[in-house]
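These numbers were taken from a predicted model, which means no experiment stands behind them.
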Amino acid sequence: ELDMTVKKDLSAAMSQKTLIRVEREELEADYLDGYVLNLSNDLMLFQIVESLIIFNGYVVVRMCDITSIEMPAPNFEFVEQALKLRGEKIEKPLDINLSSMTTVFTSAGEKYPLVTIHLEEIDSEICHVGRVVSADEKSLTLIEIAPNAKWESDPTTYSVTDITQVDFGGKYEDALHLVSRANG
């Protein structure tokens with residue numbers, strides 16, 4: 001069964017700090033390169049390595065969506081050396097609770113000013129960035145920030161079952177946060 005193999009491979013990658021490539025072909029054409037930082041029964045916490053060879057925040061994805069793992073990732077020697085020479089370090093974010101998407105959302109919202117959610121089964125082109133307002137087992141609510149760093153006036157609520165990925169601590173979220181604060 002793929003699930004057991006996926007979990008075994010992800011556990012090995014985590015313990016060996018191996019740079020891997022993860023594909024989720026049903027949800028997106030692109031792949032994710034990075035390091036596995038933590039696993040639960042259903043979710044994986046991943047530190048992303050962008051094509052610019054820099055770390056770019058964290059992603060939590062559902063393990064059931066992973067269709068393949070390349071371990072190690074292509075050109076991993078080059079990537080790891082470049083990261084090291086740039087002083088980029090693998091860093092686990094504090095206290096991200098991987099029990100469920102709800103706990104990921106709330107724990108990331110406590111530690112990071114902005115959280116991004118993806119509803120890729122509904123629309124793989126759009127993500128929603130905002131400040132966490134509340135969450136329960138069924139729904140997540142955030143006050144969204146637009147791509148021009150202007151805040152929406154009303155919170156938006158999403159169904160937990162629609163959420164395929166949660167991002168936080170990335171350069172895009174950071175840029176939105178900086179500009180929104182600068183503009184008061």
Side-chain angles (χ1 to χ4, degrees), residues 1-14 18-76 78-80 83 88 90 92-93 96 98 100-105 107-109 112 114-130 132 135 139-140 142 144-147 156-176:
E1 188 180 284
L2 180 70
D3 283 354
M4 290 312 296
T5 311
V6 164
K7 193 152 190 185
K8 203 171 85 216
D9 288 349
L10 293 174
S11 293
M14 181 171 69
T18 305
L19 177 69
I20 65 169
R21 174 166 291 173
V22 171
E23 292 193 40
R24 300 176 311 136
E25 288 160 4
E26 309 295 313
L27 297 179
E28 64 172 342
D30 229 359
Y31 52 81
L32 301 168
D33 283 352
Y35 293 91
V36 180
L37 299 180
N38 203 357
L39 297 167
S40 70
N41 282 336
D42 305 311
L43 302 170
M44 172 186 75
L45 172 63
F46 206 58
Q47 187 172 10
I48 294 293
V49 177
E50 289 290 341
S51 57
L52 298 169
I53 322 296
I54 55 169
F55 283 119
N56 190 11
Y58 304 98
V59 171
V60 173
V61 295
R62 302 181 305 193
M63 282 201 274
C64 64
D65 296 327
I66 296 172
T67 52
S68 71
I69 299 168
E70 200 170 336
M71 193 168 100
N75 305 311
F76 74 98
F78 157 71
V79 173
E80 289 183 340
L83 289 169
E88 297 261 351
I90 299 171
K92 201 170 179 175
I96 300 302
L98 292 185
S100 68
M101 273 301 183
T102 301
T103 61
V104 168
F105 183 76
S107 59
Y112 295 87
L114 297 176
V115 172
T116 302
I117 60 170
H118 299 260
L119 296 81
E120 295 160 301
E121 291 167 326
I122 295 168
D123 189 341
S124 62
E125 300 298 310
I126 297 174
C127 63
H128 304 273
V129 184
V132 171
S139 61
L140 311 178
L142 47 112
E144 292 187 47
I145 188 167
T156 311
T157 300
Y158 297 95
S159 171
V160 171
T161 55
D162 291 337
I163 295 169
T164 56
Q165 179 176 322
V166 176
D167 309 346
F168 50 92
K171 305 223 183 293
Y172 181 64
E173 290 101 343
D174 185 51
L176 283 171

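Side chains of L119 and I126 form no contact here, defined as non-hydrogen atoms less than 4.5 Å apart. Residues T103 and L98 have side chains not in contact (no heavy-atom distance under 4.5 Å, counting atoms from C-beta outward). With contacts defined as side-chain heavy-atom distances shorter than 4.5 Å, the pair Q165/V60 does not qualify. By the 4.5 Å heavy-atom criterion applied to side chains, F55 and V49 are counted as neighbours. Contact check for F78 versus I53: side-chain heavy atoms found under the 4.5 Å cut-off.
The two residues E121 and L27 come nearest to each other via the heavy atoms CG-CD2, 3.5 Å. Contact detail for V129 and E173: the closest heavy-atom pair is CG1-CG, 4.3 Å. Of all heavy-atom pairs between E25 and S68, the closest is OE2-OG, 4.3 Å. Closest non-hydrogen pair, I20 versus A73, comes out as C-CB, 3.6 Å. Residues S100 and L43 share a closest heavy-atom pair of C-CD1, 3.6 Å. Of all the heavy atoms in P93 and Y112, the pair that sits closest is CB-OH, 3.2 Å.
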Show your reasoning for whether side-chain contact (heavy atoms from CB on, under 4.5 Å) applies to L37 and I96.
CA-CA 10 Å; L37 299 180; I96 300 302; over 6 Å; no
Start with the C-alpha gap between I48 and Y58, add the side-chain angles, then the distance that decides, and say whether side-chain contact (heavy atoms from CB on, under 4.5 Å) holds.
CA-CA 6 Å; I48 294 293; Y58 304 98; over 6 Å; no
T156 and H128: side-chain contact (heavy atoms from CB on, under 4.5 Å), yes or no, with the steps?
CA-CA 10 Å; T156 311; H128 304 273; over 6 Å; no
Steps toward side-chain contact (heavy atoms from CB on, under 4.5 Å) verdict (F168, T116):
CA-CA 6 Å; F168 50 92; T116 302; over 6 Å; no
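The CD1 atom of I117 lies 10.0 Å from the CE atom of M101; values are rounded to the nearest 0.5 Å. Between the CZ atom of F76 and the CZ atom of R21 there is a distance of 13.0 Å, given to the nearest 0.5 Å. Rounded to the nearest 0.5 Å, atoms SG (C127) and CD (E144) are 9.5 Å apart. To the nearest 0.5 Å, atom CG of residue L39 and atom CE of residue M63 are 5.0 Å apart. For the atom pair NZ of K7 and OG of S40, the computed distance is 6.5 Å after rounding to the nearest 0.5 Å.
Side chain of T67 to backbone of E23: a donor-acceptor contact under 3.5 angstrom is found. Formation of a donor-acceptor pair under 3.5 Å by the N56 side chain with backbone atoms of K171 is found in this model. Of the possible polar contacts, none joining the S139 side chain to the T157 backbone as a donor-acceptor pair under 3.5 Å is found. In terms of modelled atom types and a separation under 3.5 Å, the side chain of K92 and the main chain of Q47 share no donor-acceptor contact.
Residue H118 forms a side-chain hydrogen bond (donor to acceptor under 3.5 Å, both in side chains) with just one option from D167, D162, T164, D123, and that option is D167. Among I90, T18, L45, the one residue that satisfies the side chain to side chain contact (heavy atoms under 4.5 Å, CB included) test with Y35 is I90.
Counting non-hydrogen atoms of other residues, nucleotides and ligands closer than 6.0 Å to CD of E26 gives a total of 12 or fewer.
Taking the side chain to side chain donor-acceptor pair (under 3.5 Å) definition, one finds that S124 meets it with nothing, sequence neighbours left out. Scanning for ring pair (Phe, Tyr, Trp, His ring centres under 6.0 Å) contacts around F105 gives an empty result, with sequence neighbours left out.
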